[in-house]
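Proteins come first, then strands; the chains are lettered A, B, ... in the order of their sequence lines, and each starts at number 1.
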2 protein chains.
Amino acid sequence: MTETESTGTPTDTCAGPPQGNRRPDGADKYTISEVAALTGLTAHTLRWYERIGLMPHIDRSHTGQRRYSNRDLDWLALVGKLRLTGMPVADMVRYAELVRAGDHTYTERFELLKRTREDVLARIAELQGTLAVLDRKIDFYADAGLALASERTR
Amino acid sequence: MTETESTGTPTDTCAGPPQGNRRPDGADKYTISEVAALTGLTAHTLRWYERIGLMPHIDRSHTGQRRYSNRDLDWLALVGKLRLTGMPVADMVRYAELVRAGDHTYTERFELLKRTREDVLARIAELQGTLAVLDRKIDFYADAGLALASERTR
DNA sequence: CGCTTGCTTGGAGTGCACTCCAGGGATCTA
DNA sequence: TAGATCCCTGGAGTGCACTCCAAGCAAGCG
């Protein structure tokens, strides 16, 4: 219920997604439960993301606890967006691997993003088709409901 | 090797209403594999839909084989649309129950459809937000790729 | 000092939506 | 009459994306 995924201003350059109550860079050390609150994911899921290779290496405190940075939050915001598109986690892991592999994977990342973009466009089109069907059915039920109501109450 | 189930349609995954190759009403008797071909679902899935109560009672031939009608195809088309919205199968079963229950469930069906419509609108908005992020990233990678290319080949 | 809270781990469990299997029956073609 | 092909059933298995568990460590508090 603490979904702090606001629709922020799209003014950032590359990966600057919307995120509210952050600490300034340099003082950006978040515990796992803070990140959970900020992202809406559970701590379980955050650890699981790390295990499957979807996260970069997360900083640790001197006692071994995770300390997330603003950069990690940026990455999680992107992951959240990709998740909304229905992209399989395995594909996101693939993208994460490309990022870790270095600059020579730019082209491949580019292709992956373009393919994803096409998928999103297709999904939007699908949903708009569904919306049309839904609207037709809703009109039908509105008429039927009206007919029933007038027949029964007046 | 009893059933050639998952042959499916190799390319046509648009899930649009393929109402072209239907038989006229009155001569509308389709076997399960014909329906599978028409809908893109597998015969397994069609039987499973029936088992969980997502389908009305399907006609049977004198030997007990399923014979689908145009009406069944209509229902499957709606189910396909609802599936695209991400609606859980359990909710679709609920809708199917309401339809079976009779005319006095009109209002409830109406509410369900309206809620679904809102969900679809929200989903489209989400996807458009994701599209914006994706486009920003794609622009970034296009520039980076260009820089790399000009550095190397020109 | 003990208690509570929050974090750690590997591994096991959950829910959804299929997906497949074994074993058998009916129909068609050669 | 044989073989191929389609279909039937209940139940078991699969893959994905989490979700939870048990056992234990570390810090803060009265």
Side-chain angles (χ1 to χ4, degrees), chain A residues 1-3 5 29-55 57-69 72 75-76 78-96 119, chain B residues 1-9 13 15 29-55 57-69 72 76 78-96 119:
Chain A
M1 227 189 255
T2 10
E3 185 71 24
E5 190 79 17
K29 297 281 167 205
Y30 308 87
T31 67
I32 197 165
S33 58
E34 285 169 339
V35 175
L38 284 168
T39 60
L41 299 167
T42 69
H44 291 309
T45 301
L46 288 167
R47 285 190 277 257
W48 178 66
Y49 277 3
E50 209 177 319
R51 248 194 280 182
I52 63 173
L54 186 50
M55 296 296 295
H57 281 127
I58 303 297
D59 237 37
R60 296 297 178 119
S61 74
H62 68 104
T63 57
Q65 297 192 355
R66 287 171 183 80
R67 291 293 177 261
Y68 291 81
S69 68
D72 298 326
W75 175 254
L76 281 169
L78 175 62
V79 164
K81 287 292 183 195
L82 293 181
R83 207 166 47 106
L84 285 179
T85 70
M87 178 187 277
V89 166
D91 289 6
M92 292 192 262
V93 170
R94 173 80 190 129
Y95 184 73
D119 291 349
Chain B
M1 52 192 89
T2 36
E3 290 189 42
T4 323
E5 295 287 14
S6 49
T7 40
T9 42
T13 22
K29 297 280 167 206
Y30 308 87
T31 67
I32 197 166
S33 58
E34 284 169 338
V35 176
L38 284 169
T39 60
L41 300 166
T42 69
H44 291 308
T45 301
L46 288 167
R47 286 190 280 254
W48 179 68
Y49 277 2
E50 210 176 317
R51 246 195 281 183
I52 63 173
L54 187 50
M55 296 296 296
H57 281 127
I58 302 296
D59 238 34
R60 297 295 179 120
S61 74
H62 68 105
T63 56
Q65 297 192 356
R66 288 170 184 81
R67 291 293 179 260
Y68 292 81
S69 67
D72 298 328
L76 281 170
L78 175 62
V79 164
K81 288 292 183 193
L82 293 180
R83 207 165 47 106
L84 286 179
T85 70
M87 178 187 278
V89 166
D91 289 6
M92 291 192 265
V93 170
R94 173 84 190 126
Y95 184 74
D119 290 349

*How many angstroms lie between OG1 in A:T45 and CG in A:L76, if you round to the nearest 0.5 Å?*
10.5 Å
*asked:* Nearest 0.5 angstrom please: B:R83 CZ to B:L54 CG, how far?
replied: 10.0 Å
*asked:* What is the separation between atom CH2 on B:W48 and atom C1' on C:dC20, rounded to the nearest whole Å?
replied: 14 Å
_Phosphate OP1/OP2 of D:dC7: any B:R60 side-chain N/O under 4.0 Å_ = no
_What's the separation between atom CG in B:L82 and atom CG in B:L78, rounded to the nearest 0.5 Å?_
4.5 Å
_Which residue lies more 5' along DNA chain D, comparing A:H44 with A:T63 via nearest heavy atoms_ = A:H44
*asked:* What's B:T31 touching, base or sugar-phosphate or nothing? Going by heavy atoms closer than 4.0 Å.
replied: sugar-phosphate
*Quick check: does any side chain N or O of A:D91 sit under 3.5 Å from a backbone N or O of A:P88, one acting as donor and the other as acceptor?*
no
_In whole Å, I'd like the distance from the CE atom of A:M55 to the P atom of D:dA17._
17 Å
*In whole Å, what is the span from the CD atom of B:Q65 to the C1' atom of C:dG24?*
13 Å
*Of A:E34 and B:R83, the one whose closest DNA chain C nucleotide lies more 5'*: A:E34
*Spacing of A:R47 atom CZ relative to C:dG6 atom P, expressed in whole Å*: 13 Å
_Side chain of B:S33 (C-beta onward), nearest among D:dC18, C:dT27, D:dC6_ = D:dC6
*Starting from P on D:dC8, measure out to CG on B:D59 and report it in whole angstrom.*
13 Å
*asked:* Tell me the interatomic distance from A:M92, atom CE, to D:dC18, atom C1', rounded to whole angstroms.
replied: 12 Å
*Got a second to check how far A:Y49's OH is from A:W75's CH2, nearest 0.5 Å?*
11.5 Å
*Atom CZ of A:R51 and atom P of D:dC20: how far apart are they, to the nearest Å?*
14 Å
*Which part of the nucleic acid, if any, lies within reach of B:R67 when heavy atoms closer than 4.0 Å are counted: base, sugar-phosphate only, or nothing?*
nothing
*asked:* Please pick, from D:dC6, D:dT19, D:dC8, the nucleotide with the shortest atom-to-atom distance to any side-chain atom of B:I32.
replied: D:dC8
*Separation of C:dA17 P from B:Y49 OH (nearest whole Å)*: 9 Å
